[in-house]
Amino acid sequence: MRLTKYFLPVTKETPSDAQIVSHKLMLRAGLVRQTAAGIYAWLPLGLRVLRKIEEVVREEQNRAGAVELLMPTLQSADLWRQSGRYDAYGPEMLRIKDRHDREMLYGPTNEEMITSLFRDGVKSYRDLPRTLYHIQWKFRDEVRPRFGVMRGREFLMKDAYSFDIDEAGARQSYYTQLLAYLRTFQRMGIKAVPMKAASGPIGGDLSHEFIVLAPTGESEVFYDSRFEDLDWKATSDDAEALFNQVSSLYAATDETHDETLWKDVPDDRKRQGRGIEVGHIFYFGTKYSASMGMTVQTADGRQVHPEMGSYGVGVSRLVGAIIEASHDENGIIWPESIAPFKVGLINMRADDASCAKAADEIYARLEGAGIETLYDDRDERGGAKFATMDVIGLPWQLIVGPKGLEKGVVELKNRTTGERRELPVDQALVELCAA
RNA sequence: CGGGGAGUGGCGCAGCCUGGUAGCGCAUCUGGUUUGGGACCAGAGGGCCGGAGGUUCGAAUCCUCUCUCCCCGACCA
């Protein structure tokens, strides 16, 4: 993408609304703009990141055997009356009426709807187990939205729902999602530690929160440093073994922290810090299948309510959380797997015909090689271009200038390490293809 | 929802107390000089001062009401 054709409103100054670093950087880097309290427009660059995160989540869900569908944002009040939550939910639920005075709501979550859909399509144990998910916008009318997209009112969430014939099956579904979550977050280049959670508003006994470690996190966390060494991507698909491994190591937020258990962790492995919740998984039994009258027939002819679990990932929140965990004084540092572009190509002198020609050629070759490239072909000074690239945080910067071209080299800069190397063009391209 | 703060060109702010031609920095546009880490000079454009009432010869400024946004707390993916 040529920057001269793009929409990237980068600012030098930080809007006064922003307090935390991720919010400031998201505004400065032209990722989002607030349109109302807790509601954001995703600008082109921000949207690309959102889509990248979504895609990692999707791939790991599919790999875990979950099936994607898409449910609407608007739901009818009647659906929620079936579970009794229409009255129980409180003012966080945005309630609206249509022109016929029918009561509607903007979905804060989808247990009722998925249960209703699945109930009407499934009657036999042969159709279980299943895990269904979708990635959709939600709305919770928070009393006080803040921290940019980390605590907005409108947010993008992946929510999955599992249906099993019995508790043993439901536990397997839960373990499978646990593994999928650990792989998902690891692929995004962040450390997310699973922590036993107190049962939330949904209820149930098996529950984990996934906390991204970041100094500006909202909650205090305590965990065993062994979590840092585990490689989930390489873990076998034995989800139950993984669950046992996770369960054997201590990790808790301040809400569930237990000093007695904490004492048993060797001192040199004790880690204490702050974190941001980016995922939450629950097993909650028959709460919805029972209240909404979903039954399936077992092999021996009994009618049972399926055992359910739900599994959420805050997709839009992750954008903020990842920035909290990955930035420096110059701007964002995107992990490569979710970076909006892999390479920022800088033409140092747009007014120099030979330099521009060389940069154009390199751009064409990068595009031809399928490398996502943001090409700064604006007629700006070098310094301004460097500052722009640093703030938007693309993993690689490829700098093409007259000085280097005289020597037949370009400069390749790694945003994470700051390392800069002069390389012949061909070699730089080879390295980018390999990276 | 309790407590506090703020709405003035796209962004950051001053002006308000003590009413009288709406200002500064950044950004934008034009011309020139520049060009490897957010250049410089000269010029230009852009604002019914959140909205509605009121007081006054005259309101960004004073009064009343209202809307919105932000911060602290309680609450939350």
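Residue numbers start from 1 in every chain, and the chains themselves are labelled A, B, ... in the order their sequence lines are given, proteins ahead of strands.
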Fill in the blank from the handout: Residue set satisfying side chain to side chain donor-acceptor pair (under 3.5 Å) with A/Asp258, at least two apart, ordered chain then number -> A/Thr260

Exercise for the section: Measure from the side chain of A/Pro15, starting at C-beta and using heavy atoms only, and say which of B/rG12, B/rC76, B/rA77 lies closest. Expected result: B/rG12

Exercise for the section: Scan residues 1-22 of chain A for pairs that pass ring pair (Phe, Tyr, Trp, His ring centres under 6.0 Å), counting only residues two or more places apart or in two chains. Expected result: A/Tyr6-A/Phe341

Problem - Ion pair check, A/Glu361 and A/Lys357, cut-off under 4.0 Å - result: yes

Exercise for the section: To the nearest Å, give me how far apart CE (A/Met93) and C1' (B/rC75) are. Expected result: 16 Å

Completion exercise
Sequence neighbours excluded, the answer for ring-ring contact (aromatic ring centres under 6.0 Å, His included) partners of A/Tyr250 is A/His257, A/Trp262

Exercise for the section: Please confirm whether A/Phe185 and A/Phe210 have ring centers closer than 6.0 angstrom. Expected result: yes

Practice task
List for me each residue that meets side chain to side chain donor-acceptor pair (under 3.5 Å) alongside A/Glu307, sequence neighbours excluded, and say none if there are none.
Solution key: A/Tyr283

Problem - Counterpart residues, ring-ring contact (aromatic ring centres under 6.0 Å, His included), relative to A/Tyr86 (two or more places apart) - result: none

Show me the donor-acceptor pairs, under 3.5 Å and distance only, between side chains in residues 13-30 of chain A and residues at least two apart or in other chains.
residue	atom	partner	partner atom	Å
A/Ser22	OG	A/Glu324	OE2	2.7
A/Arg28	NE	A/Thr11	O	3.1

Fill in the blank from the handout: Sequence neighbours excluded, the answer for ring-ring contact (aromatic ring centres under 6.0 Å, His included) partners of A/Tyr106 is A/Phe139

Exercise for the section: Mark this stacking check for A/Phe386 against B/rG38 as yes or no, applying ring centres under 5.5 Å and ring planes under 30°. Expected result: no

Handout entry: RNA chain B contacts made by residues 408-420 of chain A, counting heavy atoms under 4.0 Å
Key = A/Glu411, A/Lys413, A/Arg420

Completion exercise
On RNA chain B, more 5' by nearest nucleotide between A/Ile399 and A/Glu209 is A/Ile399

Problem - nucleotides 68-74 of chain B: protein proximity per nucleotide (B base, S sugar-phosphate only, - neither; heavy atom, under 4.0 Å) - result: -SSBBBB

Problem - Nucleotide forming a Watson-Crick or wobble pair with B/rG23, both distances under 3.5 Å - result: B/rC13

Problem - Non-neighbouring partners of A/Phe118 that pass ring-ring contact (aromatic ring centres under 6.0 Å, His included), sequence neighbours left out - result: A/Phe163

Completion exercise
Hits for side chain to side chain donor-acceptor pair (under 3.5 Å) against A/Asp78, two or more places apart or cross-chain, chain-then-number order -> A/Arg81

Exercise for the section: Scan nucleotides 25-35 of chain B nucleotide by nucleotide, 5' to 3', and note B when protein non-hydrogen atoms come under 4.0 Å of the base, S if they reach only the sugar-phosphate, - if neither. Expected result: BSS------BB

Practice task
Take the protein atom CD1 of A/Ile281 and the nucleotide atom C1' of B/rA77, then report the distance between them rounded to whole Å.
Solution key: 14 Å

